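Report on the following structure.
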Amino acid sequence: MPELPEVETTRRGIAPHVEGREIGEVIVRQSRLRVPVPADLADRLVGARIGSLARRAKYLLLPLAGGDSAGATLLWHLGMSGSLRIVRLGELPRKHDHLDLVLDDGAILRYHDPRRFGFVDWLAGSVEEDSRLRRLGPEPLSEAFDGERLYRLSRGRRVAVKPFLMDNAVVVGVGNIYASEALFMAGIDPRRAAGRISAERYARLAAAAKEVLAAAITQGGTTLRDFVGGTGEPGYFKQRLNVYGRHGEPCRCCGTELRLITLGQRASVYCPRCQT
DNA sequence: CATGCTACCTGCAAGC
DNA sequence: TGCTTGCAGGTAGCAT
């Protein structure tokens, strides 16, 4: 589910409700997530105070202060189907509500994840040294990500440009939806070898990726089936999708039927006329 | 190193 | 209607 805009929407939605709050209770209903919930998570978290929420790639970072957790960070990934939302004390958990952080004002931060590809992990030390974060490329909305970087890293690469754009070492946060959309916006065929695309076209692709991600954040992300932001509302970017999930339908630009192929084991939809 | 395939898990839609 | 199959927003790990 969540690509960068959905994770950022979640961060913004829950931040005002959790920042500065103390964790009073931790309820784990299902510890078998992609990474098992640490057995001592509750012991470590109770009494800790949550600092300023951050996001790195599709990871949410909750810095902790106080008690055993001073200087530690909760690292949270939503996987394919995870969502975090704020619910009121007493609201009954539903199926796949795996974890609750009960806060000192009575609100609950509740984690829901049908497929259980997400995880929560407790990091004692430096977040940037974590193996999952260490090799990540730049944030797509930062200045460090631009066409020049795409051009430089792609020289000699035979992989198709779409999986190249989705490579977290190149740039983070661009998943299957937004890679498809950015390539459409830039007019680039997703099958084209990454190493055979000009600097000019990469400049357009980087700009398109920034534009589509920023627009999706503004719309609260894309809800395909079950994504909800931190306060429970769906994202509205789905209406703005030009190609993702629209194979067989006409291109909004030229009317040509959009084509579905598989690239890097992922479904890819593109316009055979607009994208060359 | 670059690339490709598999696995992790549940729910849903399409096809028979 | 009911069963089976394939596919889904991500990523790590392993084989080639």
Side-chain angles (χ1 to χ4, degrees), chain A residues 1-11 29-37 55-60 75-84 94-99 111-121 130-137 140 152-182 190-196 209 212-213 216-217 219-229 234-241 243-248 260-269:
Chain A
M1 154 224 315
E3 295 188 32
L4 185 146
E6 292 72 42
V7 178
E8 180 61 20
T9 295
T10 299
R11 187 190 71 78
R29 298 184 195 84
Q30 169 62 274
S31 60
R32 296 182 55 188
L33 305 181
R34 188 168 208 285
V35 174
V37 176
R55 178 191 55 72
R56 175 74 175 106
K58 297 168 191 166
Y59 296 90
L60 275 175
L75 181 70
W76 217 314
H77 197 288
L78 305 181
M80 285 278 258
S81 59
S83 54
L84 274 169
R94 291 180 297 181
K95 196 174 184 184
H96 305 308
D97 283 344
H98 304 313
L99 186 71
Y111 181 58
H112 177 87
D113 187 359
R115 292 177 73 182
R116 287 192 269 133
F117 284 177
F119 66 85
V120 201
D121 205 0
D130 184 85
S131 62
R132 289 161 287 207
L133 301 179
R134 208 173 22 185
R135 294 185 201 102
L136 294 176
R152 179 165 40 84
L153 292 182
S154 63
R155 292 310 90 185
R157 300 283 299 269
R158 297 190 204 183
V159 69
V161 62
K162 179 163 173 273
F164 173 73
L165 184 62
M166 293 172 66
D167 181 345
N168 279 337
V170 174
V171 59
V172 301
V174 186
N176 203 27
I177 296 176
Y178 301 110
S180 305
E181 295 299 314
R191 299 168 298 177
R192 186 172 283 272
R196 303 204 166 203
V212 72
L213 291 169
I217 291 170
Q219 297 288 306
T222 300
T223 293
L224 295 177
R225 39 173 55 106
D226 52 6
F227 173 76
V228 289
Y236 296 102
F237 195 71
K238 186 171 191 286
Q239 304 148 246
R240 306 268 282 269
L241 296 177
V243 287
Y244 183 89
R246 295 193 65 239
H247 58 276
L260 173 67
I261 57 171
T262 299
L263 281 176
Q265 293 80 239
R266 309 302 294 273
S268 302
V269 183

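Every chain is numbered from 1, with letters handed out A, B, ... down the list of sequences. Everything numeric in this text was worked out from a predicted model, so none of it was measured. In what follows, every heavy atom counts, from backbone to side chain, and hydrogens, waters and symmetry copies are set aside.
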| request: For dG10(C), take OP1 and OP2 only and decide whether either is under 4.0 Å from a side-chain N or O of Asn176(A). | output: no
| task | Would you mind reading off the distance between Arg266(A) atom CZ and dA12(C) atom C1', rounded to a whole angstrom? | result | 13 Å
| query | For dA12(C), does OP1 or OP2 lie under 4.0 Å from any side-chain N or O of Arg135(A)? | reply | no
| request: Rounded off to whole Å, could you give me the CD-to-P distance for the Gln265(A) and dT11(C) pair? | output: 15 Å
| task | Mind checking the CZ-CZ spacing from Arg34(A) to Arg115(A)? Nearest 0.5 Å is all I need. | result | 11.0 Å
| message | Taking atom CZ as the centre, does Arg155(A) end up with more than 12 heavy-atom neighbours from other residues, nucleotides or ligands that are less than 6.0 angstrom away? | response | yes
| task | Give me the ring orientation class for His96(A) and His112(A): parallel if the planes are under 30° apart, tilted from 30 to 60°, perpendicular past 60°. | result | perpendicular
| task | Round to the nearest Å and state the distance from Leu75(A) atom CG to dT11(C) atom C1'. | result | 13 Å
| request: Mind checking the OG-CG spacing from Ser154(A) to Leu165(A)? Nearest 0.5 Å is all I need. | output: 11.0 Å
| task | Whole angstrom is fine here: how far is it from NZ in Lys238(A) over to P in dA8(C)? | result | 14 Å
| said: Can you identify which nucleotide, out of dG9(C), dT3(B), dG4(B), has its nearest atom closest to the Arg158(A) side chain? | reply: dT3(B)
| So does His247(A) have more than 12 non-hydrogen atoms from other groups sitting under 6.0 Å from NE2? | no
| With a non-hydrogen cut-off below 4.0 angstrom, is Thr223(A) in contact with a base, only sugar-phosphate, or nothing? | base
| field | Closest nucleotide among dA7(B), dG9(C), dG4(B) to the Arg34(A) side chain | value | dA7(B)
| request: Pick the C1' atom in dT3(B) and in dG9(C), then give their distance to the nearest Å. | output: 23 Å
| Separation of the C1' atoms in dC12(B) and dT11(C), to the nearest angstrom | 23 Å
| Whole-Å distance between dA8(C) P and Tyr244(A) OH? | 7 Å
| Nucleotide dG10(C), atom C1' - distance to OH of Tyr178(A) in whole Å | 14 Å
| said: Check this for me: Arg196(A), atom CZ, are more than 12 non-hydrogen atoms of other residues, nucleotides or ligands nearer than 6.0 Å? | reply: no
| task | Assess whether atom CZ of Arg152(A) is packed by more than 12 heavy atoms of other residues, nucleotides or ligands within 6.0 Å. | result | yes
| Nearest-angstrom distance from the residue atom NE2 of His77(A) to C1' of dA12(C) | 11 Å
| request: Would you indicate what Asn168(A) reaches in the nucleic acid, counting non-hydrogen atoms under 4.0 angstrom: base, sugar-phosphate, or nothing? | output: sugar-phosphate
| query | Which listed nucleotide (dT3(B), dT6(B), dG10(C)) is nearest to the side chain of Met166(A)? | reply | dG10(C)
| task | Classify the nucleic acid contact of Tyr59(A) as base, sugar-phosphate or nothing, counting any heavy atom under 4.0 Å across all strands shown. | result | sugar-phosphate
| note | Rounded to whole Å, CG of Asp130(A) lies from C1' of dT11(C) at a distance of 13 Å
| How long is the gap from CG on Asp113(A) to CG on Leu99(A), to the nearest 0.5 Å? | 11.0 Å
| message | If a pair means Watson-Crick or G-U wobble with both distances below 3.5 Å, what does DNA chain C look like in dot-bracket form, with | marking bases paired to a different strand? | response | .|||||||.|||||||
| Counting side-chain heavy atoms from CB outward, which of dA2(B), dA12(C), dG10(C) is closest to Arg157(A)? | dA2(B)
| query | Between Tyr244(A) and Glu181(A), which heavy-atom pair has the shortest distance, and what is it? | reply | N-OE2, 2.8 Å
| task | Would you please confirm or rule out a distance under 4.0 Å between OP1 or OP2 of dT11(C) and any side-chain N or O of Lys58(A)? | result | yes
| task | State the OH-CZ distance between Tyr111(A) and Arg29(A), to the nearest 0.5 angstrom. | result | 13.5 Å
| query | Any idea which heavy atoms bring Ala182(A) and Val212(A) closest together, and the distance? | reply | CB-CG1, 4.3 Å
| remark: Per-nt protein contacts along nucleotides 9-16 of chain B (heavy atom under 4.0 Å; B base, S backbone sugar-phosphate only, - none) come out as BBS-----
| With rounding to whole Å, what would you report as the distance between dC7(C) and dC5(B) at their P atoms? | 14 Å
